[in-house]
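For reference, the structure is listed below as structure tokens.
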Number of protein chains: 2
Amino acid sequence: MDDLAATNGTNTANGTNGVDGGAGSPAESRGSRAQPKTDKSEQTRALILETAMRLFQERGYEKTTMRAIATEAGVSVGNAYYYFSAKEFLIQGFYDRMTYEHAADARNRMAHTRDFSERLEIALASWLDTAAPYHEFSAQFFRTAADPNSSLSPFSNESHPARATAVELFREVLQGSELAPKLDAELVDLLPDVLWLYLMIVVLYWVFDRTPDTERTREFVRRSVPMAARVINLSRYRVFRPIVRDAKGLIQDFILPTIGKTAVK
Amino acid sequence: MDDLAATNGTNTANGTNGVDGGAGSPAESRGSRAQPKTDKSEQTRALILETAMRLFQERGYEKTTMRAIATEAGVSVGNAYYYFSAKEFLIQGFYDRMTYEHAADARNRMAHTRDFSERLEIALASWLDTAAPYHEFSAQFFRTAADPNSSLSPFSNESHPARATAVELFREVLQGSELAPKLDAELVDLLPDVLWLYLMIVVLYWVFDRTPDTERTREFVRRSVPMAARVINLSRYRVFRPIVRDAKGLIQDFILPTIGKTAVK
DNA sequence: ATTCGCGCTTGAACGCGTTCAAGCGATGAC
DNA sequence: GTCATCGCTTGAACGCGTTCAAGCGCGAAT
């Protein structure tokens, strides 16, 4: 039912496919067709997506009409809707592509250091760089992403693969640092999700940021990361054990379930 | 009912008068006409807004068409657009009304206690109660609110009056508690805005909450408020002076400017 | 009394996202 | 060869938000 793998596969010949499974949880899957049955089908789908993404970047989301996409791709409007059940699902292409590019770029750039604070800042700055070309119409993107009913919401089930990729990156941010071994194991397990939430906040800030080159957001990251790192570091001291315990409970009971991790463990 | 005209009158700040055709001023001004010139005008405006809000609640936002609003109100579609330049601006009525009702209800309910944690929890719970009738279509509301370009965004200039009201409420939450005198004066000055942001996070959680009566959000408030209170309380100890100083700087430099308070002080 | 100006009002028309009944073409069965 | 099946394709049509040129009505000016 789900097409995330397919969507991912269309861009950048990567290998993250194979997640289709078919065991659909929600009866109503949104977004597009199920399994493609032919090669031609997949080609058409990719053509439409590529065309849409190009036009989005050229003209912006709202000014790009479905008719224009269809015409430019040389297909009919109805055909576009055969593959993407709504215009907004064409955005998923950006979402997936960005997630992938970000993870790759961040891994690359933080490889040289084991300092947690530095690694975290690199991971966030890398996102800003990766997303920069899309800042122009990020507003529209964000708008639909903010809809809890939309599968484009970063919290939705449909976004799970991309979210998992991002969380995994932050796990590496932490695990690759000299801080990780010094921390409570349980905390190390929880932190990646919290750091992902941190990224979501940065994204929120970025979307609203009107300064040139989103310089304000970059500065926000530079200033807030060391503080975050220091707070995390403080958790090592015995005095904070009670408050850390409460914080962990809060995360486990109210944050993780929201982003698709069952509270039961 | 009567507060509607009042709430809309609140924005009669200044220069954005003159018909929208005025100068090519920065972007779109407000969502509606400037100064009403006649009594009848104001009546028609109120009628349309009331009708819209009633239909929104009866059928939901998307299922309520502008034509239906106009018909039900006994005016033409064009007339509705004369007063509200887009459908989304009709939502502002909710926004304003809720802000007002929330502040009143919260003040009332927290009057009996001076315990900071309790007062804060009441303020947040009060919001959940006030907003409960609108949870159904809050998704749509939130969607447009998330658009940085929209004047409906809680961070926008146009939302300043409502935001100021809310921040003022949180100032009272703090000032009316026994905690306030014990805190650094500068912190007392900053905290109301941070608490408002806290409310925004709760709202975010609430929008995505699908549990009956948004019980999960309520539990989230019950659990997180004591922690927040404890963290704030910790700021009193000398050991944390450096980190508190950094936090204050972060707030002043990156949070306040975002919500319309000039960084210059 | 007549005219003028201007707020207010109208509803047809436009553009866009989306739907759907109908058609096409390759593949396989007989 | 004929026919049915089914994945893929079509484009006219629908509903909705929004726009706009045109009109209406009422007080002020003449």
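Only heavy atoms go into these numbers, but all of them, side chains included; no hydrogens, no water, no symmetry mates. In what follows, chains are A, B, ... by sequence order, proteins preceding strands, each numbered from 1.
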When rounded to whole Å, the CD to C1' distance for the pair B:Glu42 and C:dG7 reads 14 Å

Does B:Lys40 have a side-chain nitrogen or oxygen under 4.0 Å from the phosphate oxygens OP1 or OP2 of C:dT9?
yes

D:dT9, OP1 or OP2 - any side-chain N/O from A:Tyr83 closer than 4.0 Å?
yes

Would you call A:Glu50 and A:Arg54 a salt bridge, using N to O less than 4.0 angstrom?
no

Starting at CD of B:Gln43 and ending at C1' of C:dC8, how long is that distance when rounded to a whole Å?
14 Å

Does one side chain, of A:Ser150 or A:Ser153, offer a donor that lies under 3.5 Å from an acceptor on the other?
no

Taking C:dG17, D:dG17, D:dG11 as options, the one with an atom nearest any side-chain atom of A:Lys87 is C:dG17

For the pair made of CG in A:Asp39 and C1' in D:dG7, what is the distance, rounded to whole Å?
13 Å

Output the rounded distance in Å from CZ (B:Arg45) to P (C:dT9).
12 Å

Whole-Å distance separating the CD atom of B:Glu88 from the C1' atom of D:dC16:
15 Å

Is there a donor on the side chain of B:Arg67 or the base of D:dG15 sitting less than 3.5 Å from an acceptor on the other?
no

Length of the CZ-C1' vector between A:Phe89 and C:dG17, whole Å
13 Å

Any donor-acceptor N or O pair under 3.5 Å, side chains B:Thr44, B:Tyr82
no

Kindly say whether B:Ala46 contributes a backbone atom to a donor-acceptor pair with the side chain of B:Tyr83 at under 3.5 angstrom?
no

Is there a donor-acceptor contact under 3.5 Å from the side chain of A:Thr214 to the main chain of A:Arg210?
no

Near DNA chain D, under 4.0 Å by heavy atom, which residues of residues 56-65 of chain B?
B:Thr64, B:Thr65

Donor-acceptor under 3.5 Å (A:Arg163 side chain, A:Ser156 main chain)
yes

Nearest to side-chain heavy atoms of B:Met66, which nucleotide of C:dT10, C:dT18, D:dT18:
D:dT18

Reading nucleotides 19-24 of chain C 5' to 3', which nucleotides get B (base under 4.0 Å from a protein heavy atom), which S (sugar-phosphate only), which -?
B-----

Over-ring placement of B:Lys87 relative to B:Tyr81, 6.0 Å and 45° cut-offs:
no

Nearest-nucleotide pick for A:Thr44, side chain only, options being C:dT10, D:dC8, D:dT9:
D:dT9

Is any side-chain N of the basic residue among B:Arg109 and B:Asp129 closer than 4.0 Å to the acidic one's carboxylate O?
yes

Please report the C-alpha distance between B:Asp209 and B:Arg216 in whole Å, then the side-chain angles of each, then the deciding distance to 0.1 Å, and finally whether the salt bridge (Lys or Arg N to Asp or Glu O under 4.0 Å) criterion is met.
CA-CA 7 Å; B:Asp209 189 354; B:Arg216 179 164 214 87; over 6 Å; no

Short side-chain N/O contact to C:dG7 OP1/OP2 from B:Ser41, under 4.0 Å:
no

